[in-house]
Amino acid sequence: MALTTAVHVLVFTLLYVAVVLGQKGWGVTYSTQSICALKGSTVEVSCSYTFPSGTVKSTYWFINSNVNVNLIGYSDYRGRVTYRNHTNNNNTLIITDLRQSDSAQYWFRFITVKPGNQWTGTPAVTLSVTGLQVGGTPATVTEGQNVTLTCITSCPLTDNPTCIWYKKNVTSQKASGQSYSITNITSEDSGEYYCVAQNIYGRPNSSTVSVDVQYSPKNTSVSVSPSGEIVEGNSVTLTCSSDANPPVDKYTWYKKPVTSPKASGQSYSITNITSEDSGDYYCEAENKYGRLNSSSVYVDVQYAPKNTSVSVSPSGEIIEGSSVTLTCSSDANPPVDKYTWYKKTVTSPKASGQNYSITNITSEDSGEYYCVAQNKYGHLNSSPVSVDVQYAPKNISVSVSPSGEIVEGSSVTLTCSSDAKPPVDKYTWYKKNVTLTKESGQSYNITNIKSEDSGEYYCEATNAIGNRSSDLICFLVLGKQSYEMLVVGISVVFLVLILCLSGFICFRQNRKKAPKSVSDVKDKSDNEQGNANPTYSNISSVSMTSEKRDQPDDLHYTSVDIHRAKMQEVPLYSTVQPQEQDEDVQYAAMKFNPPSSATQPVTRRVEEEPSVFYSTVNNPRTKMTRTQQGQNQEDLNTTRLEPRGPEHNKP
Ligand SMILES: *[C@@H]1O[C@H](CO)[C@@H](O)[C@H](O)[C@H]1NC(C)=O
Ligand SMILES: *[C@@H]1O[C@H](CO)[C@@H](O)[C@H](O)[C@H]1NC(C)=O
Ligand SMILES: *[C@@H]1O[C@H](CO)[C@@H](O)[C@H](O)[C@H]1NC(C)=O
Ligand SMILES: *[C@@H]1O[C@H](CO)[C@@H](O)[C@H](O)[C@H]1NC(C)=O
Ligand SMILES: *[C@@H]1O[C@H](CO)[C@@H](O)[C@H](O)[C@H]1NC(C)=O
Ligand SMILES: *[C@@H]1O[C@H](CO)[C@@H](O)[C@H](O)[C@H]1NC(C)=O
Ligand SMILES: *[C@@H]1O[C@H](CO)[C@@H](O)[C@H](O)[C@H]1NC(C)=O
Ligand SMILES: *[C@@H]1O[C@H](CO)[C@@H](O)[C@H](O)[C@H]1NC(C)=O
Ligand SMILES: *[C@@H]1O[C@H](CO)[C@@H](O)[C@H](O)[C@H]1NC(C)=O
Ligand SMILES: *[C@@H]1O[C@H](CO)[C@@H](O)[C@H](O)[C@H]1NC(C)=O
Ligand SMILES: *[C@@H]1O[C@H](CO)[C@@H](O)[C@H](O)[C@H]1NC(C)=O
Ligand SMILES: *[C@H]1O[C@@H](CO)[C@H](O)[C@@H](O)[C@@H]1NC(C)=O
């Protein structure tokens, strides 16, 4: 079967078969009796003939035992047959482009001039025309196998032609030789192969053979459709593709980090996708030769901010003066690109940025805060957090009950009030600078009051943050008998006041505003040194005084003293010197109620006395020991005067 014999002809290796010579010297000798030739090639058959005498008239070849069919004129062989006459009674038949149908028996016949003298050489020459075939292809070829292709014919060829191997659609030759071995075959070796038997008479080719190299999945990959950004609510399809032969018959989907299958099928669709669907997806492709996982594809589901919240740092209570940072956090994809801060009830934003810091926080900063987180898909408000600024007591004041004059033997209640957060948990009462240790409630009761109880009182309010003291409240206890004098005193004072307001009595002071703190007072005092001289407006109190005057200074006057450079006091005097005389000391409670409270560090007691307004009624028989100026009033009836703030500044 192998291509071991010559492709075409035989002419040169004639084996002159002993031919039966005809009677009387007639005979034909063929060079061979049997020839196997390749389809498409050329065959030559020779013979020599003998005859007793005479001259040969004609020679020809015929087939199919039909002596009347000269091959030259036979349509099936038209153009493909040539006879070659040689001189020494030698003849050759040449058939080109052999066809399978040329397989037949071929006879040579010659005729001499003498009629009836003709001869056919028998037995005939047998010609077999065969196709070239490729053998050796296994039923299935898988990658890594060794495959040998062989050029084969159905009968032994008489020559050893050169076989050349070609891959179809690839024009260059792959190899030469009867066999072609492909070791460690790969998918690229798939294709159609044929061989060509090359010789001088032609290039007969073989039929093609298909080599189909099968392999397990390769290059498994995932594609996402639609491409581009994926937003919550979208539908997304993942498609698995893989190069495999035979094609993939099973796809399995996984989502990291879970290793159990999530779905099967070449496509995996997620409708109404949510942020929980974000993650790394990959697929496994499988055919009968194996399986392969793709690399993973990250599905990034984007969404508007969620779970916006505010945290406060430091946590715990917030004390006035400290710093607080509010931090907004939100889950968003892409991350929040804009944070806005609001305080409830305030419509305009307070700040922007993820952190909002309030330094030196004050009680006005107390309130509910929230933030709004925004990315390109939307925004979300946090729920509000409350910032509750705590502070030491402020605006501490003392009220006296009952109001009005205090007469010996009556009862008085002092009540301390203040603004504090958390609320005041302890009140301490002082008389002058002496602690009234027994009394620590918000109210301080004095029953059966005596003149010794006169004095300056103040309270100190304490909460968890600190403590502060009220201004002094001074009250004087009136003797019972001086009540009438008190009435007179009050009348005088009111008169004086009315006169003042009417412009008869003028005084000026530059005190525009109550000092807020001790240091403020000092500053003001320094500035106002030049104006610190007392201004007196004296009037003759015609209606109130009698004709008799006992003393040179027995004048009726209202004095206003804004001297305060040294003592930080702003006393206002209204001094009336009546001529009546009473033995008893006559006091009226005076409330010192300057507009501000001490704002010294909360743990320190305010040493300086605050502004004090005095109104005194001069009484020659009594001695007012508690005078701030040490001036020459000897006898005073002091009455209560409620300061009216700015009104005192009016000319
Ligand atoms: C016929 O002639 C050819 C060429 O001369 C020669 O090679 C061949 O041997 C001859 N055949 C016979 C049978 O004599
Ligand atoms: C293929 O041929 C190579 C080299 O001839 C040899 O090493 C290898 O073992 C063969 N493989 C198989 C599967 O026969
Ligand atoms: C070879 O080429 C022909 C035509 O050019 C085409 O039809 C055929 O599919 C090709 N075969 C291969 C295996 O590429
Ligand atoms: C077979 O081919 C594969 C891929 O080209 C290669 O990795 C492998 O080493 C080869 N094996 C042999 C035995 O040559
Ligand atoms: C073989 O040769 C014939 C004729 O030349 C041609 O038609 C055919 O396509 C060839 N086959 C191949 C596989 O090349
Ligand atoms: C793998 O597959 C992708 C898509 O199917 C293709 O673009 C790429 O060229 C392939 N790579 C290889 C090495 O085959
Ligand atoms: C593909 O991944 C899955 C899950 O991790 C695993 O069970 C399987 O063995 C992997 N397949 C291959 C071929 O590695
Ligand atoms: C999509 O999912 C959300 C949350 O699960 C749901 O509220 C909404 O109705 C769904 N929309 C559709 C069209 O199914
Ligand atoms: C804090 O605020 C108070 C009142 O506004 C101010 O007096 C004080 O100087 C501020 N302290 C600092 C450190 O800014
Ligand atoms: C009270 O204050 C006066 C003068 O301001 C002072 O001399 C005295 O020592 C103080 N007493 C106490 C107990 O602090
Ligand atoms: C003080 O007096 C008021 C009313 O007179 C009374 O309600 C209060 O309980 C008294 N406080 C003390 C501490 O005695
Ligand atoms: C050889 O040639 C053929 C045609 O080419 C003729 O038909 C034959 O008659 C001829 N034979 C001889 C003996 O001349």
Side-chain angles (χ1 to χ4, degrees), residues 5-130 155-161 197 199-204:
T5 43
V7 175
H8 72 120
V9 201
L10 15 121
V11 181
F12 310 107
T13 55
L14 301 175
L15 206 150
Y16 272 87
V17 179
V19 176
V20 178
L21 292 177
Q23 302 161 2
K24 305 168 194 169
W26 293 87
V28 173
T29 305
Y30 297 108
S31 57
T32 183
Q33 285 303 125
S34 152
I35 299 174
C36 185
L38 286 173
K39 188 178 136 192
S41 67
T42 300
V43 71
E44 294 185 10
V45 183
S46 294
C47 68
S48 59
Y49 52 91
T50 57
F51 50 92
S53 60
T55 319
V56 173
K57 192 171 78 186
S58 70
T59 58
Y60 66 97
W61 296 75
F62 67 92
I63 58 170
N64 297 337
S65 309
N66 188 345
V67 295
N68 297 322
V69 177
N70 183 343
L71 271 187
I72 284 281
Y74 192 40
S75 61
D76 287 356
Y77 291 85
R78 185 169 298 143
R80 299 194 290 131
V81 171
T82 318
Y83 300 150
R84 197 176 293 153
N85 296 339
H86 304 290
T87 49
N88 53 343
N89 298 338
N90 185 326
N91 197 285
T92 301
L93 165 67
I94 301 167
I95 310 171
T96 61
D97 193 15
L98 281 173
R99 298 172 183 173
Q100 211 96 42
S101 57
D102 294 340
S103 296
Q105 287 188 308
Y106 290 80
W107 284 270
F108 175 74
R109 184 174 177 80
F110 67 94
I111 302 163
T112 59
V113 289
K114 191 177 178 184
N117 291 336
Q118 47 202 358
W119 195 260
T120 296
T122 54
V125 174
T126 302
L127 173 64
S128 301
V129 177
T130 181
C155 58
L157 297 180
T158 53
D159 198 1
N160 225 353
N199 60 45
I200 55 168
Y201 296 105
R203 287 175 47 85

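Pairing each heavy atom of Tyr49 with each of Asn90, the nearest pair is CE2-N, 3.8 Å. Nearest heavy-atom pair, Val69 versus Phe62, reported as atom, atom and distance to 0.1 Å: O-CB, 2.8 Å. Ile35 and Glu44 make their closest contact through CD1-O, 4.2 Å (heavy atoms, listed as atom of the first residue, atom of the second, distance). The two residues Gly121 and Trp107 have their closest heavy-atom pair at O-CD1, 3.1 Å. Closest non-hydrogen pair, Thr50 versus Gly25, comes out as OG1-O, 3.3 Å. Closest approach of Thr92 to His86, counting heavy atoms only: OG1-NE2, 3.2 Å.
Side-chain contact between Asn85 and Asn91 is present, with heavy atoms from C-beta onward closer than 4.5 Å. A heavy-atom distance below 4.5 Å is not found between the side chains of Cys47 and Thr29. No side-chain heavy atom of Asn89 sits less than 4.5 Å from a side-chain heavy atom of Ser48. With contacts defined as side-chain heavy-atom distances shorter than 4.5 Å, the pair Phe110/Phe51 qualifies. Put simply, the side chain of Lys39 does not reach to within 4.5 Å of the side chain of Pro204, judged on heavy atoms.
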Between Leu93 and Phe108, is the side chain to side chain contact (heavy atoms under 4.5 Å, CB included) condition met? List the steps.
CA-CA 9 Å; Leu93 165 67; Phe108 175 74; over 6 Å; no
Could you walk me through whether Asn66 and Tyr74 pass side-chain hydrogen bond (donor to acceptor under 3.5 Å, both in side chains), step by step?
CA-CA 12 Å; Asn66 188 345; Tyr74 192 40; over 6 Å; no
For Tyr60 and Arg109, run side chain to side chain contact (heavy atoms under 4.5 Å, CB included): C-alpha distance rounded to whole Å, both residues' side-chain angles, the deciding distance at 0.1 Å, then the answer.
CA-CA 6 Å; Tyr60 66 97; Arg109 184 174 177 80; 3.0 Å; yes
Test Asp76 against Ser101 for side chain to side chain contact (heavy atoms under 4.5 Å, CB included), laying out the working first.
CA-CA 9 Å; Asp76 287 356; Ser101 57; 5.9 Å; no
Ile94 vs Tyr83, side chain to side chain contact (heavy atoms under 4.5 Å, CB included): CA-CA, chis, key distance, verdict
CA-CA 6 Å; Ile94 301 167; Tyr83 300 150; over 6 Å; no
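Under the 3.5 Å distance criterion, the side-chain polar atoms of Thr122 are left unmatched by any main-chain donor or acceptor of Ala124. Checking side-chain atoms of Thr112 against main-chain N and O of Asn117 turns up a donor-acceptor pair under 3.5 Å. Between the Gln105 side chain and the Leu127 main chain, no donor and acceptor come within less than 3.5 Å of each other.
Salt bridge annotation for Asp102-Arg80: present, with a cationic side-chain nitrogen under 4.0 angstrom from a carboxylate oxygen.
The structure places OG of Ser46 at 8.0 Å from CZ of Arg84, a figure rounded to the nearest 0.5 Å. In this structure, OG1 in Thr59 is found 8.5 Å from CG in Asn70, a value given to the nearest 0.5 Å. The CG atom of Leu38 sits 11.5 Å away from atom OG of Ser128, with the distance rounded to the nearest 0.5 Å.
In summary, the aromatic rings of Trp61 and Tyr106 are positioned with their centroids too far apart to meet the 6.0 Å limit.
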